[in-house]
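The block underneath contains the structure these notes are about, expressed in structure tokens.
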Amino acid sequence: MFLGYTIKFYPDTVKPFDSAIQNWAFSLRSDSMTSFLKFFTGIINPISIIIIMIVLILLFIWRKWYSEAVFLAGNFILVSGILNPILKYVYNRSRPDGVHLVHETTLSFPSGHAATSMVVFLSLFFIFSARLKTRSLKTILAIILGLMILIVGFSRIYLGVHYPTDIIGGYLLASGCVLYAYPYYDAWRFQLRFKGEQK
């Protein structure tokens with residue numbers, strides 16, 4: 001909220017930070033890098049991520065991971081379906097000027113792709129890490145999912161459709177919601193497993 005307030009009422013204060021990172025990202029542009037990052041940003045496009053979410057939720061229900069299905073679906077709907085669209089209109093930030101390598105029509109802050117990647121992959125980390133037995137496997141999982149989150153965020157800057165502060169805003173929104181919900185999910189999961197109502 002503080003970052004959004006700053007961007008809305010004191011936008012000049014974040015311009016040097018945004019411009020420095022944008023210029024660095026644009027300096028890396030090449031055909032191969034563009035293709036690679038378009039692929040990653042495409043994973044989080046609305047149709048793609050909704051299909052992925054449906055598959056994951058159905059898989060969790062089939063496996064009788066009921067609390068996991070609710071945790072993942074609830075976080076996704078709250079962040080990507082409700083809060084992020086509302087906040088875009090509250091802060092009403094236009095997309096960056098310049099060349100956009102992908103087409104976007106919505107407002108800029110906070111980044112929906114950044115928020116969605118964070119809410120999905122952070123939720124999946126909590127879900128799967130609880131079932132991994134060794135610290136090394138949990139570390140590998142954290143690295144893989146963390147890289148996915150960072151690559152998606154960077155892709156939005158590189159492709160010219162978001163400011164770096166849009167990405168940070170999306171990350172903060174999603175991580176805050178997931179971390180708030182996690183203790184309730186964990187307690188409910190324990191209760192269901194204790195009662196034998198889920199695996």
Side-chain angles (χ1 to χ4, degrees), residues 3 17-18 20-22 24-30 32-46 48-60 63 65 67-80 84 101-102 110-159 161-186 189-190 193 199:
L3 178 59
F17 174 80
D18 280 336
I21 297 178
Q22 284 176 300
W24 170 71
F26 297 161
S27 72
L28 301 175
R29 282 180 171 177
S30 67
S32 57
M33 180 69 81
T34 299
S35 297
F36 174 74
L37 292 177
K38 279 185 176 181
F39 168 77
F40 268 92
T41 203
I43 295 173
I44 310 299
N45 283 344
S48 301
I49 196 63
I50 288 172
I51 292 171
I52 291 169
M53 289 296 297
I54 291 171
V55 171
L56 285 171
I57 291 166
L58 290 177
L59 176 63
F60 289 168
R63 294 285 297 173
W65 294 9
S67 60
E68 287 84 348
V70 172
F71 180 63
L72 180 61
N75 285 334
F76 176 73
I77 292 169
L78 176 64
V79 172
S80 300
N84 195 80
L101 301 183
V102 291
S111 165
H113 278 68
T116 299
S117 65
M118 177 64 79
V119 76
V120 172
F121 295 131
L122 184 58
S123 296
L124 290 176
F125 171 76
F126 284 128
I127 289 169
F128 288 116
S129 65
R131 296 175 179 273
L132 295 176
K133 303 299 183 183
T134 66
R135 184 179 295 273
S136 59
L137 288 176
K138 292 181 181 181
T139 301
I140 292 171
L141 177 67
I143 291 171
I144 292 172
L145 295 180
L147 283 174
M148 292 286 288
I149 292 169
L150 292 175
I151 291 172
V152 169
F154 175 74
S155 74
R156 305 305 286 171
I157 302 169
Y158 174 95
L159 296 170
V161 292
H162 275 296
Y163 297 101
T165 43
D166 296 337
I167 306 304
I168 295 171
Y171 286 163
L172 291 174
L173 170 65
S175 59
C177 290
V178 174
L179 293 174
Y180 180 83
Y182 173 72
Y184 299 99
Y185 149 73
D186 195 44
R189 175 177 176 268
F190 175 80
R193 286 170 61 85
K199 291 185 178 179

Please report whether the ring centroid of Phe121 lies less than 6.0 Å from that of Phe125. no

Going by atom types only, do Tyr158 and Thr34 share a side-chain donor-acceptor pair under 3.5 Å? yes

Donor on one side chain, acceptor on other, Thr41 and Arg156, under 3.5 Å: yes

Pairwise distance [atom1]([X]) to [atom2]([Y]) - rounded to 0.5 angstrom:
X: Phe154; Y: His162; atom1: CZ; atom2: NE2; result: 14.5 Å
X: Arg131; Y: Glu68; atom1: CZ; atom2: CD; result: 4.5 Å
X: Ser155; Y: Phe39; atom1: OG; atom2: CZ; result: 11.5 Å
X: Leu72; Y: Phe126; atom1: CG; atom2: CZ; result: 13.0 Å

Please list every donor-acceptor pair under 3.5 Å in which a side-chain atom of residues 137-149 meets a protein atom from a residue at least two apart or in another chain.
from: Thr139; atom 1: OG1; to: Arg135; atom 2: O; distance (Å): 2.9

Among residues two or more places apart or on two chains, list those pairs meeting salt bridge (charged side-chain N to carboxylate O under 4.0 Å, His left out) that have a residue in residues 161-178. Arg93-Asp166

4.5 Å side-chain heavy-atom contact, [X] and [Y]:
X: Tyr185; Y: Ile127; result: yes
X: Cys177; Y: Val119; result: no
X: His113; Y: Asn45; result: yes
X: Ile49; Y: Phe76; result: yes
X: Met118; Y: Val152; result: no
X: Phe71; Y: Arg189; result: no
X: Leu37; Y: Ile151; result: yes
X: Leu101; Y: Arg29; result: yes

Which residues pass the side-chain hydrogen bond (donor to acceptor under 3.5 Å, both in side chains) test with Ser123, sequence neighbours left out? Asn75

Has Ser117 got a side-chain atom pairing as donor or acceptor with Ala114's backbone, closer than 3.5 angstrom? yes

Do you know which two heavy atoms are closest between [X] and [Y], and how far apart they sit?
X: Pro164; Y: Gln22; value: CD-CG, 3.7 Å
X: Ser175; Y: Leu122; value: CA-CD2, 4.0 Å
X: Gly170; Y: Pro110; value: N-CB, 3.6 Å
X: Gly42; Y: Ser48; value: O-OG, 3.2 Å

Where do Ile168 and Phe17 land on the side-chain contact (heavy atoms from CB on, under 4.5 Å) test, with the steps shown first? CA-CA 12 Å; Ile168 295 171; Phe17 174 80; 3.8 Å; yes

Given Ser67 and Phe60, is the side-chain contact (heavy atoms from CB on, under 4.5 Å) satisfied, shown in steps? CA-CA 9 Å; Ser67 60; Phe60 289 168; over 6 Å; no

Take atom CZ of Phe26 as the centre, draw a 6.0 Å sphere, and report whether it contains more than 12 heavy atoms from other residues, nucleotides or ligands. yes

More than 12 foreign heavy atoms under 6.0 Å from CZ of Phe128: is that the case here? yes

